[in-house]
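Read through the structure below, which is laid out as structure tokens, and then see the notes.
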Protein chains: 2
Amino acid sequence: MDKPSNTADDILAAARSFIVAGGYNGFSYADIAEVVGIRKASIHHHFPSKVDLVQTLVRRYLEDAVTGMTELERNVPESPRLLRTYAGFWAQCIEDASRPICVCALLASELPALPPEVAVEVRAYFQFLSGWLTGVIERGAAQGTLTIAAAPRVEAEAFMATVHGAMISARAYGDVLTFGMILASTLQKLIPAPD
Amino acid sequence: MDKPSNTADDILAAARSFIVAGGYNGFSYADIAEVVGIRKASIHHHFPSKVDLVQTLVRRYLEDAVTGMTELERNVPESPRLLRTYAGFWAQCIEDASRPICVCALLASELPALPPEVAVEVRAYFQFLSGWLTGVIERGAAQGTLTIAAAPRVEAEAFMATVHGAMISARAYGDVLTFGMILASTLQKLIPAPD
DNA sequence: CTCAATCTACCTACTAGTTGGTAGGCAGTT
DNA sequence: AACTGCCTACCAACTAGTAGGTAGATTGAG
């Protein structure tokens, strides 16, 4: 039942860290082979082409997001805390440098140069995330736990854009605290009663 | 006094459109040679290396931003209109597909994979833009034409992040109106008196 | 004014190294 | 016997960059 040491997963993990650093064209099979400790040709055994590899990666990334958000929603029902937890998750990822930027935000920025099979998965991620945030904000507004000025969908898109932009700024400044600073003020505008 | 047909400028323009599409590793000298209509080796005559080319490109991009913002500030002194014009400029660029994303926002997202000479120029752009926005917001707040909840610098960073994130979202959705929608609601929160 | 030296902008032809991908073999497991 | 997971040894195409040459414009000295 527990996972056997899985080379395919190691390849995906290596690919993710390379993509996060430099995008789709920022790594090669040779790079992955070196960090995983197998030969270049062996990667093709697990993922016939680079497109297969990245497509699988992004698809799994979305799946993880879906299950993660669903579970989060069960444990933390209140909208303000939900948004705070989501922002806090990324703040933590950036601070400990484990995941300094969202894979899909990065890939979306170079979308026109992406193989279409990958592009469609990236779009699906954006649609899911914006849909999830819209739901959270809609419920928060209905319950009076969030103060919104525009339609929930617009607030959700603006929130998502701020999160992604803040990731990029954090990277540009090389300062891990920039992200948290931007998000604290953004959340403050949505959450009425500061304790 | 008027500009002679300049191959170097053509190369820079081609490089910019390639970078905007797929980042630093998303194009080659061969790609540029083809659209400019010269041979690959001739590019090296104008820009000895790829680093030289992109460094020049980003440096000029920043220079243009500096002169553009300075001139904008002289013509449009009021902070709310200044922010609206800045947002409107990008909304227009995205709608007519002439510049669907900021070169530096894209390059910043893949910063760890960039040659250091380019990375330093990208950082300089972010520092200038955030500084400019901080000044605009600071003055607007002092004059009462902008309503801010946090320090001007924090508001400026949040605004810049939202703009960059909205560019990425517009790209992900393939919808030119997403950017304008996000920015209209963001501006509305900063600008008190809607006419 | 003129003629040679230099400079500019491009060319062809090449290099060494990298790219994603293929063919086929081999040891261990089922 | 078939499958899995890896290997060595390839491949053609592409990468940034170099070497060396040429045609034409610009310059400067006699």
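Keep in mind it's a predicted model, so treat the numbers as computed, not measured. Naming: A, B, ... by sequence-line order, numbering from 1 per chain.
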Say whether [X] and [Y] are linked into one hydrophobic cluster, either directly or through other cluster members, by side-chain heavy-atom distances under 4.5 angstrom.
{"X": "B:Ile182", "Y": "A:Leu146", "result": "no"}
{"X": "A:Val154", "Y": "B:Leu187", "result": "no"}
{"X": "A:Val120", "Y": "A:Tyr61", "result": "no"}

Electrostatic pair [X]:[Y] at N-O distance under 4.0 angstrom:
{"X": "B:Arg81", "Y": "B:Glu78", "answer": "yes"}
{"X": "B:Arg59", "Y": "B:Glu63", "answer": "no"}
{"X": "A:Arg39", "Y": "A:Glu34", "answer": "no"}
{"X": "A:Lys189", "Y": "B:Glu155", "answer": "yes"}

Applying side chain to side chain contact (heavy atoms under 4.5 Å, CB included) between A:Asp9 and each of A:Thr7, A:Ile11, A:Asn6, report the one that passes.
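In the set A:Thr7, A:Ile11, A:Asn6, the residue that makes a side chain to side chain contact (heavy atoms under 4.5 Å, CB included) with A:Asp9 is A:Asn6.
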When the distance from CD1 of A:Ile11 to P of D:dG5 is rounded to whole Å, what number comes out?
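In whole Å, D:dG5 P lies 10 Å from A:Ile11 CD1.
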Near DNA chain D, under 4.0 Å by heavy atom, which residues of residues 18-32 of chain A?
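By residue number: none to list.
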Expected output is a numbered-order residue list: members of residues 35-46 of chain B with a heavy atom under 4.0 Å from any atom of DNA chain C. What is it?
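Per residue number, the list reads B:Ile38, B:Arg39, B:Ala41, B:Ser42, B:His45, B:His46.
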Difference in axis direction between the ends of the helix from C:dC1-D:dG30 to C:dT30-D:dA1, five pairs, 10°
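Answer rounded to 10°: the end axes differ by 0°.
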Where do B:Tyr24 and A:Glu110 land on the side chain to side chain donor-acceptor pair (under 3.5 Å) test, with the steps shown first?
CA-CA 10 Å; B:Tyr24 185 84; A:Glu110 54 185 20; over 6 Å; no
Check the pair B:His164, B:Phe126 against ring-ring contact (aromatic ring centres under 6.0 Å, His included), reporting the backbone distance first and the verdict last.
CA-CA 11 Å; B:His164 291 156; B:Phe126 270 75; 5.2 Å; yes
